Protein chains: 2
Amino acid sequence: MTTGAEQEGKRRGRRPAGADTKTALIEAARAVFTEQGYEGATVRTIARRAGVDPAMVNHWFGGKEGLFAKSVLQLPIDPSTIVSQLLEGDLDTIGERVVRTFLTVWDSTGGGHFAALVRSVASHQLAVEGLRDLFLKQIFGRIVAKVGVDNGLFRANLVASQLIGMGMVRYVTQFEPLKNTDIETVVAAVGPTIQRYFTGEITAPQPHGSA
Amino acid sequence: MTTGAEQEGKRRGRRPAGADTKTALIEAARAVFTEQGYEGATVRTIARRAGVDPAMVNHWFGGKEGLFAKSVLQLPIDPSTIVSQLLEGDLDTIGERVVRTFLTVWDSTGGGHFAALVRSVASHQLAVEGLRDLFLKQIFGRIVAKVGVDNGLFRANLVASQLIGMGMVRYVTQFEPLKNTDIETVVAAVGPTIQRYFTGEITAPQPHGSA
DNA sequence: CCATTAATTCATCACGTGTTGAAAAGTTTG
DNA sequence: CAAACTTTTCAACACGTGATGAATTAATGG
């Protein structure tokens, strides 16, 4: 007890049992990447948080990059499922449903996944394309196509802007009171916006400099 | 071409004339911070881009942090002026005016300032607070206070969410077609959203878990 | 119960970082 | 023109990074 060298947690070799190092590393990585971004997060910090040796990152994931891919870029949703669920209900209430689903999905992990994704956009071009692909092509692009209105891509852009902004404010910058506002309250406030972007009157986009 | 040692651009001592090193560094810094984020950007990269020696960063700005403050955190706007201008017109069209002003201000630097701010949010807690202070307290908070509606802070949050999201999509992830859409077209599409957040009916926020 | 395999730790490597101090060369001042 | 000052380059430092390989210990299988 005097020097602490007798603590058994530091002995060498294989650990007694179970002790799922892989999972512990993924969870610690998600937390640290979320707080620090890709460059700011260090392998040593992640390993310390997970209570294991930094070398385990290489052993299990082949390096920092691999751990990043298996933690942050692993989304908590299946886009196809989400889209077909959203398209089942009435078209007049799709705005509300989209907002409710968006918040439910990202709230389920405490916003960590969303924040991590946005934070990694900073230093990783890979993440930018991931975000674009996820929101535009796989989700809102598909919905707009099914709904069958004009200016589909422009509408998808508008929807993405409001929802990404909502995620920024709720999960990343964490403004009060939106950070802790009940989902249904937000649905009532933002739902009509999304509804209008989907089915309301939207004039066609003009390229720059034709005002 | 063999050794390249004869190029005169590498001579020591004070440069011939003018050669505004400070400005060159600030501009290079803004570009590199925008592309790489705070941690990802290195002093050496910035200096090379500006065509000067890395040591100049310390000489003129006292270090990387100082250069960051003088480039990225130096906003292209004066909040007070903006706010009083926005409050001059009719209250029924404040939504349009806010969107138009937002886009005009950030477009003026090609979106670089906004992207840099968001990118630095990733690794810099300082930038998070800067963003929160700028949008909530200094701009939308003041407007909401002057307008004098209920749930002021909640409304300010909603406005911020839509505009920050617009900036994300237009300047950071650069989705098409929003990236290149004419300002007035965007005003027509998003103006009503902001108008409703300011003066429409918005139910009061409920804390989590009371659905 | 011994040999093999898997999991973990440790010491260390090569490298890139931000920063520093001294030397060199131009500019300004008397 | 010479002294003082300012601007710039260069070499180097101390440090932290991600990664590697050998040593060590537990689990496993015949």
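Reckoned from all heavy atoms, side chains included, excluding hydrogens, waters and symmetry mates. Only a predicted model underlies this, so the values are computations on that prediction, with no experimental measurement involved. Reminder, nothing fancy here: chain letters follow the sequence lines and each chain counts from 1.
By the ring pair (Phe, Tyr, Trp, His ring centres under 6.0 Å) test, B:F114 is found to be paired with B:W106, B:Y171, residues two or more places apart in sequence or in another chain being considered.
Proximity of A:W60 to the phosphate of C:dA7: no side-chain N or O atom is located under 4.0 Å from OP1 or OP2.
The CZ atom of A:F61 sits 12 Å away from the P atom of C:dA7 (whole-angstrom rounding). For A:N58 and C:dC10, the CG to P distance is 16 Å, given to the nearest whole Å. Rounding to whole angstrom units, CD of residue B:Q36 and C1' of C:dG16 are separated by 14 Å. Separating the CG atom of B:D20 from the C1' atom of D:dT7 is a distance of 12 Å, rounded to the nearest angstrom. Protein atom CD of A:E65 is 15 Å distant from nucleotide atom C1' of D:dT17, rounded to whole Å. Atom CZ of A:R48 and atom P of C:dT8 are 19 Å apart (whole Å). If you take CG of B:D53 and P of C:dG26, they are 16 Å apart, rounded to a whole angstrom. One atom, NZ of B:K22, and another, C1' of D:dT8, lie 16 Å apart when rounded to the nearest Å.
When distances run from any side-chain atom of B:T21 to the nucleotides D:dT9, C:dT8, D:dT8, the shortest one goes to D:dT8. In this structure, of C:dA7, C:dT20, D:dT8, it is C:dA7 that holds the atom nearest to the side chain of A:H59. Taking only side-chain atoms of B:V43, from C-beta outward, the nucleotide of C:dG18, C:dT12, D:dC10 with the closest atom is C:dG18. Looking at the side chain of B:R44, the nearest of the listed nucleotides D:dT8, D:dA12, D:dA19 is D:dA12. Among the nucleotides D:dG18, D:dT20, C:dA7, the one closest to the side chain of A:K64 is D:dG18. Among D:dT7, C:dT20, C:dT19, the nucleotide with an atom closest to any side-chain atom of B:M56 is D:dT7.
Screening residues 153-175 of chain A for salt bridge (Lys or Arg N to Asp or Glu O under 4.0 Å), with sequence neighbours left out, gives A:D107-A:R170, A:D150-A:R155.
Nearer to the 5' terminus of DNA chain D, by closest-nucleotide assignment, is the contact made by B:P54 (compared with the other of B:P54 and A:V57).
Side chain of A:T181 to main chain of A:P177: a donor-acceptor pair is present (N/O by atom type, distance under 3.5 Å, no hydrogens or angles). A:R49 contributes no side-chain N or O that, together with a main-chain N or O of A:A29, makes up a donor-acceptor pair within less than 3.5 Å.
Distance check: A:T42 OG1 to A:R48 CZ gives 6.5 Å after rounding to the nearest 0.5 Å.
Counting any heavy atom pair closer than 4.0 Å across all strands shown, B:A47 reaches no nucleic acid atom.
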